[in-house]
Protein chains: 2
Amino acid sequence: MPHLTSDAPSPRTRVNRYRWLAHYDRDTIYAILDAMPVAHVAYVHAGNPIVTPTLQWREGDRIYWHGAAHGRMMQATDGAEVCLTVSILDGLVLARAAYNFNINHRSVMVFGKPEPVLDATEKTRLLKRFVDGYVPGQWEKLRPVTEQEIAATAILSLPLTEASAKLRAGPPEDNEDDYGFPAWAGVLPIRLTVGTPEPDPRNLPGVSEPASLAAFTIG
Amino acid sequence: MPHLTSDAPSPRTRVNRYRWLAHYDRDTIYAILDAMPVAHVAYVHAGNPIVTPTLQWREGDRIYWHGAAHGRMMQATDGAEVCLTVSILDGLVLARAAYNFNINHRSVMVFGKPEPVLDATEKTRLLKRFVDGYVPGQWEKLRPVTEQEIAATAILSLPLTEASAKLRAGPPEDNEDDYGFPAWAGVLPIRLTVGTPEPDPRNLPGVSEPASLAAFTIG
């Protein structure tokens, strides 16, 4: 199975198992990051691994995430090695042999030492980008952000220099001998869907749902 | 906001930020693990954190996952400290202030040193449980597993002794002063949905789709 290698993998990002599923090109990595804001950030805290879900967003060749400035995750990951993984489940792959049971999925793994964004103007710009990334135009409609809120929010970023993607799609792959075995095989597709917006019961009379909400997709 | 504490948190599992979202009781933890097979396992490899998506399943008060016996993840996590996180995204929470933007979610974090399952009979029983957990009755319909396949599959397990759950549901929570601000607030629900099964084009004539496939749910 061919794969693109426009950017060379590092020893850490080189995919060793199932290497035919690996991709290192920017377009593939960008598409997965842009489809799924939920990331799992792993770091070492007091010698032990911790992995925390958070929301990431991408701007050019960098990803960003934010959190409480005094929180464990933001403090422990600032300048320390992390591994950030984004994964999307696309389906169950039922093969003729249990050994070939699989999932269809897309994932990205990024390594590096996050750098903090310290400038308040740049933090504000990035948080606008974060909010408007979900609902374009929303930032300007909100109660304006305060200096204290910006100060209480830490933003970290990683360049996508050490990143890899892994994708599996399509039907099961059984051992050639097993295709004669009379078991049903196939894919059960799984996807994220967005439901109808649920307005806050405390919304003021006359406020209207953002039109751009209808365009939101994920996965 | 009250929360259940039938089991006491350890210093690692005690939730420090947003502690009112924390739960430590088994029923809550079990329900999240049973709803979402995708887990992210973090471990330390050559001093650096790595987080790998994998599929977990639960039996009683233990969780299990499997992988290639010679793979990096299974070798590096056998007996070493790991943090396993399962997370489910339930919605975007759009508040009147960017600072209160949030997500509705359910997550579980488990700490510990995984133990390998070494006995081939027990491994076989667990892999049957794994497959039948997705499609009840499927294992018996498959090409029988071989000794070599069992040997090539490593299974690790963790007791749920050091585990915590975090849940957020419901409408936005704005600062009391902000409820008078005329911005739309509310929740955009997100859920995983299962599509129509896609039969493998190489299925033999006459093999029928497992009836239990229709009952599969996730999230």
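By convention in this document, chain letters (A, B, ...) are assigned in the order of the sequence lines, proteins followed by strands, and residues within each chain are numbered from 1.
Salt-bridge formation is detected for the pair B:D200/A:R96: a Lys NZ or Arg NE/NH1/NH2 atom is positioned less than 4.0 Å from an Asp or Glu carboxylate oxygen. Remark: B:E176 engages A:R202 in a salt bridge, criterion side-chain N to carboxylate O under 4.0 Å.
Side-chain atoms of B:T85 and A:H40 form no donor-acceptor pair, as typed in the model, at a separation below 3.5 Å.
Options B:E209, B:H66, B:K128, B:K141 differ in how many heavy-atom pairs under 4.5 Å they form with chain A, and the most are formed by B:E209.
Neither the backbone nor the side chain of A:V145 has a heavy atom closer than 4.5 Å to any heavy atom of chain B. Only the side chain of A:F101 comes within contact range of chain B, with heavy atoms under 4.5 Å apart. Only the side chain of A:L92 comes within contact range of chain B, judged by heavy atoms closer than 4.5 Å. Only the side chain of A:V135 comes within contact range of chain B, with heavy atoms under 4.5 Å apart. Only the side chain of A:D178 comes within contact range of chain B, with at least one heavy atom under 4.5 Å from a heavy atom of that chain. The contact between A:V38 and chain B is made entirely by side chain atoms (from C-beta outward), counting heavy-atom distances below 4.5 Å.
To the nearest 0.5 Å, atom OH of residue B:Y99 and atom CD of residue A:E149 are 6.5 Å apart.
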From CA spacing to verdict: side-chain contact (heavy atoms from CB on, under 4.5 Å), A:R191, B:V194: CA-CA 7 Å; A:R191 64 182 65 87; B:V194 179; over 6 Å; no

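Residues of residues 211-219 of chain A lying within less than 4.5 angstrom of chain B, judged on heavy atoms, are A:L213, A:F216, A:I218 in numerical order.
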